Each structure stands twice: as C-alpha cells, then as structure tokens.
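Bear in mind the structure is a predicted one, so any value in this text is a computation, not a measurement.
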Amino acid sequence: MNKPHDLIETARRTIRLELDAVQELLPRIDADFVKACEMILGAKGRVVVVGMGKSGHIGNKIAATLASTGTAAFFVHPAEASHGDMGMITRDDIVLALSNSGTTAEIVTLLPLIKRLGIRMISMTGNPESPLAKAAEVNLDARVSQEACPLNLAPTSSTTASLVLGDALAIALLEARGFTAEDFAFSHPGGALGRRLLLKVENVMHAGDTLPWVQRGTSLRDALLEMTQKGLGMTAVLENDGSLAGIFTDGDLRRALDKGIDVRLASIDEVMTAHGKTVHAEMLAAEALKIMEDNKISALVVVDEKNRPVGAFNLGDLLRAGVM
C-alpha cells in the first residue's frame, strides 16, 4: 500500500466531508437565525455560552469571538454551573447552549433552573427534536449528514459546523451593531492590530528640540548639519511666521547632487520640496503610513491648524512602534 497516498486521501476526504457540513448550513440561515440575533441585540445582559466536551471547546471559542466583536459574552462550564457557577448568570443574560445530541446531561440538568429564572435561551444542536432544542426559545440547526470520522463517532464535521455557525452569528451581530475597526482595536490593545488602529501620530513623532527645522534662506550646508544632528533624514523649512515653507529630505539631496548643485553655495530654498505632504498629530499612525506608501516617501512633517510644524517622523519610527 502506498501509505503517503492513503494519508493524503484520508485528509482530503475529511476536508470534503467538513466542507459538505458547512454547505448544508446555508439553507438553515433563516428566520430562526434572525430571531437569535434579535434576542442577543435586545438583551440587557451578556451571552453566556455553555457546552460539554468538544462542544464546550467550540463554545469557548464562540464566546471569545463574540466578546472581541462587540457582543459581551463568556463561557460557563455546565458541570461547574451545577456547583455554584450558575450564580454567574443573571436574568438579563442570554444562554447559548451547544450540544450536538441535544441531550447532554449536564446541560439538560440546568434547563429547569434556567426556565425558573426566566433566562432566555438559544440552542445550537444537531437534533431539532431534542430536549435542549425544545426547551430553547430558538434553535440553530447545526446537524450534519456525516462526521468526518470513519466510525461516524468522533465530533469532527459537527464541531466544524457549530464553529462556523457561531462565527456567522458573531459577524452578523458585529455588522448589526456597526462595530468598527477601532472598536475591534480596543478589544485587542496588546496585539499588532491594536497598535495599528490605536496609535496616533503624536505617539511616534519627534517634537520640541528633536524636531529638525531651518528657516528659509538657510544655506544647504547648515540644513545638512541640522539633518545630521536630528537624525531623521529630513528637515522642515519654515517661513518667517513659523509656518511650513517646505521639506528637505535625503531624496532631495540626491536629486540636487544629480543636477550638479554646489552643496557649499546653495540655499535650502533652491533644493527643498515646497510645502510637501503633511499630517496632523491626532491622525492615526496607520493613516500616516498609508500616505507615505501611496506617495513613496519615507518621512513626514506634522503640522498644527496654522500649518506650523510641531513634529516629524520617518518609517523607522513607525517600524519601531509596530505600525508596519
């Protein structure tokens, strides 16, 4: 037997079966799905996800996805709920209960208490006729024709279907709430995305004594000394009133040398880029990066509302800040 070939065929069969399970979900995104979304959107409390075994692992991930996309949610282990953790659930919450069979004993045990407290419940099961589905206000149908497991026993296709259905629920709620990329960043302040979406230009710019600048009429030689001392590869050029007249960068220097301009005699006015691209301190650093990429420039001057330079930064500053 060609063992590598067998392994590949098994893997491909597994993927095909799980793809089929996901495809089967499409016609079931119906009025019940809409009602589940409306229940969650109208709730004063949080979504409390419960599930045992593999369904519990999937439920944990669904709760995390909901929480990071604008829907307050957390996971409660149903067995622990019977031993005190039920106190974590309030009457204002929505319970989202996962069970492929719909008969999981640890969850069924909680049903009378959930009903007695008047807590609204959504079920996600593979058996719409099960006790759990019947007890829920709305059931999300996650049944599959066949598990990818050749014994049709190990939760494989069914857990994939539940995970995808949970993602569909989270993203539908995200869009319904008008959840933005900035909102997402507040849920992920420590990650790379958080840095990209929360960091502002004022957090990365050089200001005060570290800002390179010269007046109009300054010799090119003195402007180069200012650039060297401040180390940004550029300098702002100011009008007499302190507003920005232009920008001079390493690129401008190379172009001046190509034209044969005498560095010892030239004035900064002859070689600077008049005005140039600028940004404001309150702008997101990620927006500033896009301006730099679109215009193929490596440094920017930060100006205030009167077009007076208040800072400057380059690609190296954005790289060190984790924006790129």
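Of the possible donor and acceptor atoms, one in the side chain of T156 sits under 3.5 Å from a partner among the backbone N and O of A148. A donor-acceptor contact shorter than 3.5 Å is absent between the side chain of S158 and the backbone of P155.
At most 12 heavy atoms of other shown residues, nucleotides or ligands fall within 6.0 angstrom of atom CZ in R221. Residue-environment remark: CD (E282) exceeds the threshold of 12 foreign heavy atoms within 6.0 Å. Applying the 6.0 Å contact sphere to CG of D30 captures more than 12 heavy atoms from other residues, nucleotides or ligands.
Clustering ILVMFWY residues whenever any of their side-chain heavy atoms sit less than 4.5 angstrom apart, transitively, puts V48 in a cluster other than the one holding L96. The hydrophobic cluster containing M121 does not contain V47, counting ILVMFWY residues as joined when their side-chain heavy atoms lie under 4.5 angstrom apart, directly or transitively.
When only modelled atom types and interatomic distance are considered, H77 and D85 share no side-chain donor-acceptor pair under 3.5 Å. Of the N and O atoms on the side chains of T235 and E226, not one donor lies less than 3.5 Å from an acceptor on the other residue. For the 3.5 Å distance criterion, the side chains of N127 and S101 fail to qualify, holding no donor opposite an acceptor. The closest side-chain donor-acceptor pair between D92 and T90, if any, does not fall under 3.5 angstrom. The closest side-chain donor-acceptor pair between N100 and S162, if any, does not fall under 3.5 angstrom. S298 and N314 share no donor-acceptor pair across their side chains, judged by distance under 3.5 Å alone.
Grouping Ile, Leu, Val, Met, Phe, Trp and Tyr residues whose side-chain heavy atoms lie under 4.5 Å apart, directly or via other members, places V263 in a hydrophobic cluster with V214, L220, L224, M227, V237, F248, L253, L257, I261, I268, V271, M272.
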Could you pull out every donor-acceptor pair under 3.5 Å between side chains of residues 169-177 and any protein atom, sequence neighbours left out?
unit_1	atom_1	unit_2	atom_2	d
R177	NE	G70	O	3.4
R177	NE	T71	OG1	3.2
R177	NH2	T71	OG1	3.3

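Taking the salt bridge (Lys or Arg N to Asp or Glu O under 4.0 Å) definition, one finds that D167 meets it with K61, sequence neighbours left out.
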